[in-house]
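Everything numeric here is computed off the predicted structure, so don't read it as measured data. Proteins get letters first, then strands, A, B, ... in listed order; numbering begins at 1 in each.
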Amino acid sequence: MAAHSAVLSASKIMNPFWVGRLGNTAKVFGTTLIRHRNKTSLTGENIPPPAKYGGRHTVTLIPGDGIGPELLNHVREVFRFTCVPVDFEMVNVNSALETDDDMNNAITAIRRNGVALKGNIETKHTLPASVKSRNNVLRTSLDLYANVMHCQSLPGVQTRHKNIDIMIIRENTEGEYSSLEHESVSGVVESLKIITRNNSIRIADYAFKLARERGRRRVTAVHKANIMKLGDGLFLQCCREVASGYPDITLDSMIVDNTTMQLVSKPQQFDVMVMPNLYGNVVSNVCAGLVGGPGLVPGANYGRDYAVFETATRNTGKSIAEKNIANPTAMLLASCLMLDHLNLNDYASLIRNAVLTTMNETRLHTADLGGQGTTSEVVQSVMRVIQSKGQFTAEL
Amino acid sequence: MTTRSMRALSGTLKPLFSLRSPQGFVVAACHQTHKSTYTAPPARYGGRHTVTLIPGDGIGPELAKHVCELFRFCCVPVDFEVVNVDSTKTSEDDINNAIMAIRRNGVALKGNIETNHNLPPSHKSRNSLLRTTLDLYASVMHSQSLPGVRTHHRNIDIITIRENTEGEYSSLEHESVPGVVECLKIITRTKSLRIADYAFRTAREKGRRRVTAIHKANIMKLGDGLFLECCKEVASGYPEITFNSMIVDNTTMQLVSRPQQFDVMVMPNLYGNVVSNVCAGLVGGPGLVPGANYGENYAVFETGTRNTGKSIANKNTANPTAMLLASCLLLDHLKLHGYASMIRKAILSTITDSQLHTADLGGKGSTSEMVQSIMDAIQSSGPRTQRH
């Protein structure tokens, strides 16, 4: 309730920005925050009801390619074992096909269910340029505008830097990923990077709201406005506008090249970072590398009405597919984020604690962490930890 | 490129690129857009070279002064022609003077010129203007772990070759609909072939085994797809060098976990900016790595990460290593290898003394102490020097 009223007052502060322009947006921003914590919507308009039959939620599952299918199988196994009230509606997307039917089915399923868990869908470079990246199509059609990644140093994992705790919020739908390219003169390609005021304000607002919720003190905007003056200049300006409405949180800005250099020397100085699409891609991968690699960090894509969870660095992992050596941590933690989103916090913390306890054991570390453990061993260990907690579980 | 006479040189370090032929030569791999500019003969009077010096802003002027001091002390036959560029003015006269001076001399050493964010977008970045007008198409940065500097990773030796004139830095932006800005990223076949060819040639010259192209062709299929295609074409002409490619996000992640796997990296402008800064951070920071910008006819040397360093300006705490190593690259380019290796050795021996480390390396030394120590090291190694 407190969050609810805080958000409504925040939206009242925000209203002057939107007078005469985007009528519903203040209410929408008001609802966005709430939707991430409880599924009850404030306005109830244009938002499909969460699928919840007999107390069980239905979640769309997109296995994807590479290590996706096996990791999602493990997620299902763990959920079944822990008796989590979630049913998965599986939708396969075949990356080899050129038609969009598979993708449309997946999008319809997510619209119906509101929540999804996905593996990465491979983008074949050999297909013509008109075939867009499937992952990208999903993000833009569902308008999942915020990609949130929380990088934390895990206690059991040995890394060169310690005490890292960075939240990265990346604009997910525009910027360099607009897929707008053309070759008007042969041998000269123009790629368009689009920055809009609306999307920039939206993502900045999301970042500040999240920072406030989590009690964070500082938001850093990452940009390259000395070169892309109009584009990143607009983004920076929007961040500053939004920052004025959050006096308890400081905003500073940093150029992307300096940011990456600081990240590899002193990553502890960063708190929350907000940035456009491409810089977000690079910076989030650097941070993932700093805390231990792609197998450890979960990612979440939030939109106004939908949420899709996946591994943060979106690796397909083709070379390690079906070898039982992939690290399941990222996918399991992503499923915990999903459970938090569905308001099943108890199950979420149960599984999360089990995963973190398992991570402490160096013996079970998989190849990406320098160990020799297998995926199934890690999952077994997670299930055993859950069982030992005394909860009602299925057979092991 | 044509004759490689530098192979026969006796210097300990081969220069990366020699551009001292009086006539401009034709690049074999691609045709050049010839601007109607007069290329002046290299200035070399009485055995002394003249080099344009652009102090820039922030820590630039003081570091440039230290370079002059050091050169005078070592009796290096180089005279500096100082051209000041005022970053607060909107007129382009200053930078045009600088460009003319560089055209006259062929070589320059510069500090970073600040880009004021408050000026309108039509005011382009001066550094960018310099690079594009002189067509300095290759930015080369050699990141090496230095023996005296403690870092998280060891044994790093990466050469990053970054396309310097097009890509995201075209400064072509417009706002056709209010609130919607379009920035154009331009990738052309000619320039991609040119930079790929430069990368492979450099790799061959330096005896490197592998070139990695960094791209994001899964999203920017046409743009980075073209870049990648050009790299593959050029790679087929260099069978002894392996070529592989990596997406930029995976690259940065690999760089922070296992940087030793990279050898030579070639990439478009923006990724080059990010990746070279990551590499600089890995070997010890912006104060240690020199950078060089090479074009067909000109070469400009500066610090690798192009920092202005406004907050530490005039405090005598800046690390002079990057600028001094850049001046060594300059000397190599001018074929004064004896002086270059002498100064370089002195710098490396000074860096091993952690007492002299400046603030960016975690020490308390000052710039002048470091420079003094370098001069002492040079004097003790024997060659004729000026008085202190």
key: Whether over 12 other heavy atoms sit under 6.0 Å from Q158(A) CD   = no
query = Is it the case that more than 12 heavy atoms not belonging to R258(B) sit under 6.0 Å from its CZ atom?
reply = no
remark   = Heavy-atom closest pair (R160(A) atom, H152(B) atom, distance to 0.1 Å) is NE-O, 3.0 Å
ask   = Checking heavy atoms, do the side chain of L234(A), its backbone, both or neither come under 4.5 Å from chain B?
value = side chain
note = Given the options L263(A), V264(A), V282(A), V278(B) meets side-chain contact (heavy atoms from CB on, under 4.5 Å) only with V264(A)
task = Measure P286(B) against the heavy atoms of chain A and call it side chain, backbone, both or neither at under 4.5 Å.
result = both
remark   = Interatomic distance, CD1@I227(A) vs CG@N273(B), rounded to 0.5 Å, equals 8.0 Å
ask   = Taking every heavy-atom pair that is under 4.5 Å apart, which of S186(A), S191(A), G289(A) has the most such pairs with chain B?
value = S191(A)
task = Could you grab the distance from atom NZ of K185(B) to atom CG of L278(A), nearest 0.5 Å is fine?
result = 7.5 Å
query = Can you tell which of E182(B), Q254(B), E114(B) has the highest number of heavy-atom pairs within less than 4.5 Å of chain A?
reply = E182(B)
key: Region of Y271(B) in contact with chain A, defined by heavy-atom distances below 4.5 Å   = side chain
remark   = In this structure, CE of M261(A) is separated from OG of S276(B) (nearest 0.5 Å) by 9.0 Å
query = Which heavy atom of N277(B) sits nearest a heavy atom of D257(A), and at what distance?
reply = ND2-CB, 3.1 Å
message = With a 6.0 Å cut-off (strictly less than), is the heavy-atom count around NZ of K162(A), excluding the residue itself, greater than 12?
response = yes
message = At a 4.5 Å cut-off on heavy atoms, which part of L172(B) comes close to chain A: side chain, backbone, both, or neither?
response = neither
remark   = Honestly, the part of L184(B) sitting under 4.5 Å from a heavy atom of chain A is both
query = Are the side chain of E181(A) and the backbone of G223(B) linked by a donor-acceptor contact shorter than 3.5 Å?
reply = yes
inquiry  = Using a 4.5 angstrom heavy-atom cutoff, name the option from E175(B), R306(B), K216(B) with the most pairs to chain A.
reply    = K216(B)
Under 4.5 Å from any heavy atom of chain B - which part of K224(A) = side chain
note = The interface call for N307(B) against chain A, heavy-atom contacts under 4.5 Å, is side chain
ask   = Which atoms of N315(A) come close to chain B, meaning under 4.5 Å heavy atom to heavy atom: side chain ones, backbone ones, both, or neither?
value = side chain
task = Would you give the length of the straight line joining atom SG of C183(B) to atom CD of E176(A), rounded to the nearest 0.5 angstrom?
result = 8.0 Å
